[in-house]
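See structure below.
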Amino acid sequence: MSDSPQYPGGYHQPEEPPPEGGYVRPTEPGRAPRAGPRPDPAPGSGEPPVAAERFRRTTPARSKVIPVERGRGFWHLAVGTVFYVMIVGGIADHVEPGVRIAAHLGFWLLIGLAFLVATARERRHDWAPRARWPWIAAALGGAVTVEVLIVAVGSTAIIVGSVVLLALGAFFLMLVG
């Protein structure tokens with residue numbers, strides 16, 4: 001038989017006086033007792049050391065520098081270009097051609113900034129230079145693809161195709177996890 005008390009049930013515990021040796025509030029409300037290193041007991045005192053004292057570090061841990069790894073591939077660039085084609089192609093019939101031109105210029109500006117950030121990271125971490133053609137292909141290919149799709153199929157078909165492509169992408173991400 002166990003020594004644990006048997007309570008009548010429910011989520012309310014019976015009111016009993018707190019067990020001895022429990023938590024006692026500090027006498028001064030603003031000052032809590034500080035935990036410091038415990039002195040080792042004297043060899044002849046008879047008090048055994050606390051189990052955790054044997055495993056306490058005597059020297060501080062070294063901070064290991066985690067090396068920066070280079071990204072694998074140009075997935076971010078391809079996905080950003082596809083989203084650009086989806087958005088600008090979807091709004092093409094509803095805005096003026098000047099807005100599309102501004103969107104193309106803004107996209108090229110963002111691609112250029114991302115390229116500068118990537119090359120700065122290469123220099124900062126002493127990585128070998130990577131191929132530069134994907135950046136130009138994304139900038140020009142995205143703009144040309146948008147304009148060809150607008151002329152060929154129209155804005156409504158681009159929106160439907162975007163929804164289908166996003167659904168397939170979400171399904172793939174759920175499979176991969």
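Here the structure is a predicted model, which is why all the values come from computation and not from measurement.
Under the 4.5 Å side-chain heavy-atom criterion for Ile, Leu, Val, Met, Phe, Trp and Tyr, I87 and V99 are members of distinct hydrophobic clusters. Follow the hydrophobic side-chain contacts under 4.5 Å out from L77 and you reach F115 in the same cluster. Hydrophobic clustering (ILVMFWY, side-chain heavy atoms < 4.5 Å, transitive): W108 and M86 are in distinct clusters.
With sequence neighbours excluded, no residue forms a salt bridge (Lys or Arg N to Asp or Glu O under 4.0 Å) with R123.
No side-chain heavy atom of R70 sits under 4.5 Å from any side-chain heavy atom of R121. T81 is listed as a side-chain neighbour of F107, based on a closest heavy-atom distance under 4.5 Å. The shortest distance between side-chain heavy atoms of F83 and L166 falls below 4.5 Å.
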Using distance only, find each side-chain donor-acceptor pair of residues 143-163 under 3.5 Å and give its atom names and separation, not counting sequence neighbours.
unit_1 : atom_1 : unit_2 : atom_2 : d
T145   : OG1    : G141   : O      : 2.5
E147   : OE1    : R100   : NH2    : 3.1
E147   : OE2    : R100   : NE     : 3.3
E147   : OE2    : H104   : NE2    : 2.7
S155   : OG     : G89    : O      : 3.3
S155   : OG     : G90    : O      : 2.5
S162   : OG     : I158   : O      : 2.7

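Heavy atoms only, all atoms of each residue included: L116 and T119 are closest at O-OG1, 2.9 Å. Taking both residues in full, the closest heavy atoms of F74 and A131 are given as CZ-O, 3.8 Å, listed atom of the first, atom of the second, then distance. Residues I111 and A139 come closest through the heavy atom pair CG2-CB, 4.0 Å.
Rounding to the nearest 0.5 Å places CG of L105 at 9.0 Å from CG of L109.
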